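These notes concern the structure reproduced below.
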Amino acid sequence: MKVCVMSTMFVIVFSSLLLTGCASAVGDESYDYSASIECLDEPLASQYGGGLVINPGFDLGLNGWTAFGQGKIALRFSRTGNKFIVAYNRSQPSDSITQVVSLGKELLYTFSAWVQIGDGKANVSALLKTSNNAQLITVGSVIAKFGCWSMLKGGFTLDQDTVAQLFFRVRAQITINQIKPRFHIGCGSTETIINTKAYQDWFTPRFTATTFDNEMKWYYIEKERGKENYTIPDAMVSFFEKNGIAIRGHTIHWDSYTVIQQWVKNLSLGDTSIPNRETLNVAVKRIRSVVSRYIGKVNGWDVVNENLHNSFFEDKIGPNASAMFYQLTRQLDPYTPLFLNEYSTLEYATDLKVIPSRFVEKIRETRSYPGNENLNLGIGLQGHFIERPILSYIRSVLDVLGATKIPIWLTELDTKKGPQQATQLEDVMREAFAHPAVEGIIVWAGWKPTTCSEACLTNMNKTLPKGCSELCLTDNNFKNLPTGDVVDKLLKEWRTTNVNGVSDNNGLFESNVFHGGYSVAVSHPQISGIVKLNITVTNDKPGPLEVLVSL
């Protein structure tokens, strides 16, 4: 990101200013070799008879100042023969002319000034512009401070026939802070976060997104037909909204026979050769219920989970069941991305149901349904690595799916428990973060006391005991495990915070930052207060983002 701070170049709070041409040849009795390296309560006597600046804060308009060129205030030099006439702000008029020494066709000049700024400290530079060179050349600088006087001494060389202009510039102080990253690093969550303060304190400073493990699923909310209970998911949504954490809508429907409530299955026990209207009715009612309740509160909907592997609704309603559900969801919520969410696409090249080209085919099938042509879709790749991740294959999958130009998330990432778990988790997260098509990662590590108990953490069997999580980031005392340390390390590495700097001689400040939303604060002695603005850095356009700040 490039921040360009445009300001007029003039002395705002200089209370003493001396500018003079002088002989700089060694041994010249007229040259004053003295200088001060201290910041003094009062400036010393000016060299070469210089005077005090009047109207330093421009309270009386431009009285006492010489203005030229688009209203910029500066010191104007003009040449007459071998003499340099100095036009500047001083307490009393003076027609004094300082003789300079001619060295061939060049004249050598030194100048000095006592300077003070209005707040903090800043680099005050003297810059020269000549008729032979349009660029500003730094000819002296000093670090000036508030409340005391510093001596700026510098020098330059000019051809005899050159007209020169001398500017003084105080560089702007710039602070950049990330408000929100564009790339989300999130974590699964469970209902225990509602009433577990330690869990809340551990979770909220780290993550910018979450997915509920079960609490938004149909079988959790409507265990019995007609008896919906949103108490827990409502409380979770309220908590995460309050803390500015994005929520993935997981999931509206799940196409697997194994997770469908028995009362839903009972609706289609009759003739299976025709579409079951009752199954369609309750499925539509479910979509309307959950989407209307949380519209605007989620940043993505898993509309029909795992419908490449499974086909419950297609079998009961018809081959276009999923496509219809996507259409209805879009009608209820026109703006939130609608995800296809699957497992094994990243994990196994051998699962032909979900290879990248099959995933692409499913996207095309969904969009080919009448009315679905312009669906705002997202790709969810779960990433349950119970075997060693093959990073080169993961990259190839992301390349192929990235060609769809549809945003990709890793939605349920975990790696196999064991001595390599943390290393493998880091490897996959780095691979995903580096890929331009991926916009977020949800680490599948929702915490419950039963899922991350001491018995679960110490069990190294190939098959975990029932109720234990494959991946835990923390123990039950919310002390990080090695996997949690990995996540913390990456969170710190992938965030831009507290960038401080000063503009250069051209008024520019450049810094590399991660994509996201930022606050920019610019201070300058020329202005009272601080100029603040918010900007968003994205990869939508090639090249650096340039921000113009006019002071």
Side-chain angles (χ1 to χ4, degrees), residues 211 216-218 246-256 259-260 264 268 274-345 352-382 397-398 400-411 437-440:
T211 301
M216 203 177 283
K217 292 171 182 171
W218 193 13
I247 303 165
R248 297 194 70 255
H250 180 71
T251 175
I252 297 176
H253 279 307
W254 197 342
D255 228 359
S256 172
V259 299
I260 295 291
V264 177
S268 56
I274 58 174
N276 187 276
R277 184 166 296 276
E278 275 298 289
T279 303
L280 174 61
N281 289 341
V282 296
V284 169
K285 179 177 177 293
R286 155 65 179 175
I287 295 172
R288 288 174 174 160
S289 174
V290 70
V291 174
S292 62
R293 193 176 194 91
Y294 296 129
I295 184 172
K297 299 177 182 294
V298 300
N299 70 343
W301 288 110
D302 291 335
V303 179
V304 186
N305 200 40
E306 300 173 3
N307 64 346
L308 278 80
H309 276 110
N310 303 291
S311 59
F312 174 83
F313 292 104
E314 283 71 19
D315 295 341
K316 304 304 179 185
I317 299 172
N320 293 319
S322 287
M324 287 191 293
F325 294 164
Y326 277 86
Q327 184 174 108
L328 177 57
T329 304
R330 196 273 300 270
Q331 290 172 354
L332 293 168
D333 186 349
Y335 305 110
T336 303
L338 311 179
F339 279 76
L340 290 83
N341 191 50
E342 269 293 352
Y343 64 92
S344 290
T345 305
L352 300 182
K353 290 183 177 181
V354 288
I355 58 175
S357 59
R358 177 68 188 103
F359 214 115
V360 172
E361 190 177 67
K362 190 66 174 179
I363 291 170
R364 288 171 176 164
E365 289 175 4
T366 304
R367 280 184 166 163
S368 67
Y369 187 75
N372 283 1
E373 297 83 0
N374 297 314
L375 284 180
N376 181 14
L377 293 179
I379 294 174
L381 305 174
Q382 293 179 17
V397 170
L398 297 176
V400 174
L401 294 180
T404 65
K405 308 301 181 184
I406 295 174
I408 300 172
W409 281 59
L410 271 62
T411 54
V438 181
E439 295 189 353

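It should be emphasised that the depicted structure is a prediction, and the values quoted were computed from it without experimental measurement.
Between Ile406 and Ile363 there is a side-chain heavy-atom pair separated by less than 4.5 Å. Side-chain contact check for Ile379 versus Trp409: every heavy-atom pair is 4.5 Å or farther apart. Contact check for Glu306 versus Glu342: side-chain heavy atoms found under the 4.5 Å cut-off. Residues Phe312 and Lys316 have side chains in contact (heavy-atom distance under 4.5 Å, counting atoms from C-beta outward). A heavy-atom distance below 4.5 Å is not found between the side chains of Val304 and Ile252. Between Asn305 and Gln382 the shortest side-chain heavy-atom distance falls below 4.5 Å. Put simply, the side chain of Glu278 reaches to within 4.5 Å of the side chain of Asn281, judged on heavy atoms. You'll find the side chain of Ile408 reaches within 4.5 Å of the side chain of Leu398, heavy atoms only.
Classified by interplanar angle (parallel below 30°, tilted 30° to 60°, perpendicular above 60°), the ring pair Tyr343/His309 is parallel.
Pairing each heavy atom of Met216 with each of His250, the nearest pair is CB-O, 3.4 Å. Here the closest heavy-atom approach between residue Phe359 and residue Leu308 is recorded as CA-CD2, 3.9 Å. Nearest heavy atoms, Phe313 versus Ala321: O-CB, 3.5 Å. The two residues Val291 and Asp333 come nearest to each other via the heavy atoms CG1-CB, 3.9 Å. Closest non-hydrogen pair, Thr404 versus Leu401, comes out as OG1-O, 2.5 Å. Between Leu377 and Pro407, the closest heavy-atom pair is O-CD, 3.7 Å.
To the nearest 0.5 Å, the span separating OG on Ser357 from NZ on Lys362 amounts to 14.0 Å. The CG atom of Leu328 sits 10.0 Å away from the CE atom of Met324 when rounded to the nearest 0.5 Å. Atom OG1 of Thr411 sits about 8.5 Å away from atom CZ of Phe339, to the nearest 0.5 Å. Expressed to the nearest 0.5 Å, how far CD1 of Ile247 lies from OG1 of Thr211 amounts to 9.5 Å. Taking CG from Leu338 and CD from Gln327, the interatomic distance works out to 11.0 Å, rounded to the nearest 0.5 Å. Within the model, atoms OH of Tyr294 and CH2 of Trp301 stand 8.0 Å from one another, a figure rounded to the nearest 0.5 Å.
Put simply, the residue from Asn307, Val303, Asn320 that forms a side-chain contact (heavy atoms from CB on, under 4.5 Å) with Phe325 is Val303.
Checking side-chain atoms of Thr345 against main-chain N and O of Ile355 turns up no donor-acceptor pair under 3.5 Å. Judged purely by atom type and a 3.5 angstrom limit, Ser368 uses its side chain to pair as donor or acceptor with the backbone of Glu365.
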As a quick check of understanding, evaluate salt bridge (charged side-chain N to carboxylate O under 4.0 Å, His left out) for Glu361 and Arg358, giving each step before the final call. CA-CA 5 Å; Glu361 190 177 67; Arg358 177 68 188 103; 3.0 Å; yes

Check against side-chain contact (heavy atoms from CB on, under 4.5 Å), Asn276 and Ile317: CA-CA 5 Å; Asn276 187 276; Ile317 299 172; 5.8 Å; no

Walk me through it: do Tyr335 and Asn376 pass the test side-chain contact (heavy atoms from CB on, under 4.5 Å)? CA-CA 7 Å; Tyr335 305 110; Asn376 181 14; 5.9 Å; no

Audit row: Asn299, Arg248, side-chain contact (heavy atoms from CB on, under 4.5 Å) steps and yes/no: CA-CA 6 Å; Asn299 70 343; Arg248 297 194 70 255; 3.7 Å; yes

In sequence, state the C-alpha distance, the side-chain angles, and the governing distance for Val438 and Leu381, and then conclude on side-chain contact (heavy atoms from CB on, under 4.5 Å). CA-CA 10 Å; Val438 181; Leu381 305 174; over 6 Å; no

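Annotation for Lys353: atom NZ does not count as buried by contact number, only 12 or fewer foreign heavy atoms lying within 6.0 Å.
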